[in-house]
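No hydrogens, no waters, no symmetry mates; every other heavy atom, side chains included, goes into these values. This chain uses plain numbering: 1 for the first residue, then up along the sequence. Keep in mind that what you see is a predicted model, and the values were worked out from it rather than measured.
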Amino acid sequence: MRLSKLRQGMQQQQEPELSRARTEPALSGLYSVVLSTVRTVDPEWASYKLGIFICLNCSGIHRNLPEISRVKSLRLDFWESNLIEFMRNHGNLWAKAKYEAKVPPYYYIPKSHDCMVLRQQWIRAKYERGEFLDTGVCHDPCSAGSREGCLWKLGKGRRQFQKRQFLLSAKEGLMKYYTKESKVPKAVISVETLNAMFQVEKIGHNHGLQITYITDGQTRNLFVYHESGKEIVDWFNAIRAARYHYLRTTFPNLPEPELIPRITRSFVKEGYMEKTGPKQKEAFKVRWFCLDSQERNLLYFKNPLDAFAQGQVSIGRKDEGYEVRDDLPQKVWVKKKKPVITLVTPVREFVFICDNDRQQKEWMDALNGVITQL
């Protein structure tokens, strides 16, 4: 009887603490408006070693860094009073002020939808390597935009990746790459048109990076990767540093909020559609499309990993005669009963076939987004 009462008393004593620690109100007031890892809302996890709240995606990364971070669920795990007090005395704003004191303006801060290697290296750069601490050295864009090393590049005919030497110089405004032991560069790329974006699924590698540039009036694609996640992200940010140096030098009066989005960009939409020819009587052929909102171009390729596009459609504004419709032009007929898109331009009407209604809506929304942007 006494043992039962003792257990009951202990349970009653623990329940308020357990309830207080396992519910969000127990940690209310500790959430920060800006998270110190990936920008998101309603974090369900926390690193009780760093004193920060994190999202589900980042919790997995933190679990793999036991020397610098230890993770608990806000809802499922027991929180001792001393840990709650530690979280209360630290938090995301404190961590941001400490670990992001000197983030260069060109350094890409990943979002929740970005690929794993970007989020992983952002977390490691902050907490493991301390790259942005106030005591650290902040490299200027010109020096940060200079890099030399090897990357694995997809060869001609998309057959295999080959090791190539790359050289980036923000000072010269150029990027070069060399084949084997050649002293003459295979390509000399101007930083003016240089762009880079991670393409994990398309390339089929967790560290896959797509580099694009303009040569002879055409968009040229390079598909590269490196086995080291740190190395490929360092290359990506080096390209961003070189681009930032170019833009800041070329447009000295451009406000920072307008300049930053121009450093590098990803396609707003990619995927397969079917396309017919200019007479609209030719057979529909499957093509891979990439929509570049900044350059206002819809590029199409025979295969996703082609070096050059088969063609492109320039997209203007609505007041210039551009429009997207979900029906066919007059006198145009298709055998397949699938959703269609007609892109109206002053020159001609482009007709595309989508696999389903969802794909049609996504493409129409993306195209309309470009048409309506200033």
Side-chain angles (χ1 to χ4, degrees), residues 34-40 43 45 47 49-50 52-71 92 95-96 98-139 141 143-153 161 166 168 170 175 194-211 222-244 260 263-266:
V34 180
L35 300 182
S36 64
T37 53
V38 179
R39 278 34 178 178
T40 186
W45 298 79
S47 169
K49 196 169 182 179
L50 293 169
I52 58 173
F53 296 93
I54 55 180
C55 66
L56 175 62
N57 289 335
C58 289
S59 68
I61 301 173
H62 279 262
R63 284 186 186 278
N64 292 325
L65 303 172
E67 293 183 1
I68 62 171
S69 186
R70 296 291 176 88
V71 175
N92 293 68
K96 180 179 175 64
K98 178 180 179 179
Y99 294 105
E100 298 182 36
K102 287 187 176 179
V103 180
Y106 55 79
Y107 196 98
Y108 184 79
I109 299 177
K111 302 173 180 62
S112 58
H113 63 264
D114 282 313
C115 62
M116 176 65 77
V117 69
L118 272 174
R119 291 183 283 118
Q120 209 171 49
Q121 291 305 313
W122 166 240
I123 290 170
R124 285 184 176 274
K126 285 197 299 180
Y127 304 123
E128 189 177 54
R129 300 191 291 269
E131 292 183 11
F132 315 121
L133 294 173
D134 189 50
T135 54
V137 178
C138 187
H139 296 288
S143 60
S146 300
R147 191 171 186 84
E148 185 175 0
C150 290
L151 295 171
W152 290 89
K153 173 189 167 291
F161 283 86
F166 281 77
L168 174 66
M175 185 177 191
L194 184 62
N195 185 43
M197 67 189 86
F198 276 90
Q199 293 279 18
V200 172
E201 292 184 9
K202 183 193 285 188
I203 295 175
H205 195 283
N206 289 335
H207 305 159
L209 187 70
Q210 179 175 346
I211 297 171
L222 300 178
F223 300 99
V224 301
Y225 75 86
H226 197 283
E227 291 296 344
S228 165
K230 180 181 183 301
E231 186 71 14
I232 197 66
V233 172
D234 284 349
W235 267 104
F236 176 62
N237 281 303
I239 290 172
R240 286 181 59 85
R243 283 279 302 159
Y244 180 86
I260 298 299
I263 297 177
T264 57
R265 64 196 183 277
S266 296

| query | Is W122 close to I61 at the side-chain level, that is, under 4.5 Å between some pair of heavy atoms? | reply | no
| message | To check you understand the geometry: which heavy-atom pair defines the closest contact between A170 and S146, and what is its length? | response | N-OG, 3.7 Å
| At their closest point, which heavy atom of S59 faces which heavy atom of W45, and how far apart are they? | CB-CG, 3.8 Å
| query | Can you check whether T264 reaches M197 side chain to side chain, under 4.5 Å on heavy atoms? | reply | no
| Verdict with supporting geometry, K96 and F132, side chain to side chain contact (heavy atoms under 4.5 Å, CB included) | CA-CA 10 Å; K96 180 179 175 64; F132 315 121; over 6 Å; no
| query | Rounded to the nearest 0.5 Å, how far does CD of E100 lie from CD1 of I109? | reply | 5.5 Å
| note | Residues L209 and A196: closest non-hydrogen pair is CD1-CB, 4.4 Å
| request: Before giving the answer on side chain to side chain contact (heavy atoms under 4.5 Å, CB included), spell out for W235 and L151 the whole-Å C-alpha distance, their side-chain angles and the decisive distance to 0.1 Å. | output: CA-CA 9 Å; W235 267 104; L151 295 171; 3.6 Å; yes
| message | Test side chain to side chain contact (heavy atoms under 4.5 Å, CB included) on W152 and V224; report intermediate values, then the result. | response | CA-CA 5 Å; W152 290 89; V224 301; over 6 Å; no
| said: If I compare all heavy atoms of E128 with all of L65, which pair ends up nearest, and what's the gap? | reply: OE2-CD2, 4.0 Å
| request: Going by the side-chain hydrogen bond (donor to acceptor under 3.5 Å, both in side chains) test, name the single residue among Q121, H226, H207, R147 that passes it with E231. | output: R147
| request: Could you grab the distance from atom CD1 of I232 to atom CD of E227, nearest 0.5 Å is fine? | output: 10.0 Å
| request: Please say whether more than 12 non-hydrogen atoms of neighbouring residues, nucleotides or ligands are located less than 6.0 Å from CG in D114. | output: yes
| query | Side chains of Y99 and I52: closer than 4.5 Å at any heavy-atom pair? | reply | no
| If you draw a 6.0 Å radius around CD in E201, do more than 12 non-hydrogen atoms from other residues or ligands fall strictly inside? | no
| task | Give a yes or no answer on whether the side chain of N237 reaches the backbone of Y107 with a donor-acceptor pair at less than 3.5 Å. | result | no
| said: Atom CE of residue position M116 - does it have more than 12 heavy atoms of other residues, nucleotides or ligands inside 6.0 Å? | reply: no
| query | Are any non-hydrogen side-chain atoms of K49 and I68 less than 4.5 angstrom apart? | reply | no
| How many angstroms lie between atom CD of E148 and atom CZ of F166, to the nearest 0.5 angstrom? | 12.0 Å
| note | dist I263:CD1 -> I239:CD1 (nearest 0.5 Å) comes out at 12.5 Å
| remark: Looking only at heavy atoms, the pair that brings L168 and G145 closest together is CG-O, 3.3 Å
| request: Evaluate the side-chain proximity of Y225 to N206: yes if any heavy-atom separation is below 4.5 Å, no if none is. | output: no
| I260 vs Y244, side chain to side chain contact (heavy atoms under 4.5 Å, CB included): CA-CA, chis, key distance, verdict | CA-CA 8 Å; I260 298 299; Y244 180 86; 4.0 Å; yes
| said: Between Q210 and K202, is there a side-chain heavy-atom distance shorter than 4.5 Å? | reply: yes
| note | Heavy-atom closest pair (R119 atom, S112 atom, distance to 0.1 Å) is NE-O, 4.0 Å
| message | Once salt bridge (Lys or Arg N to Asp or Glu O under 4.0 Å) is applied, what residue pairs with a partner in residues 59-70 remain, sequence neighbours excluded? | response | none
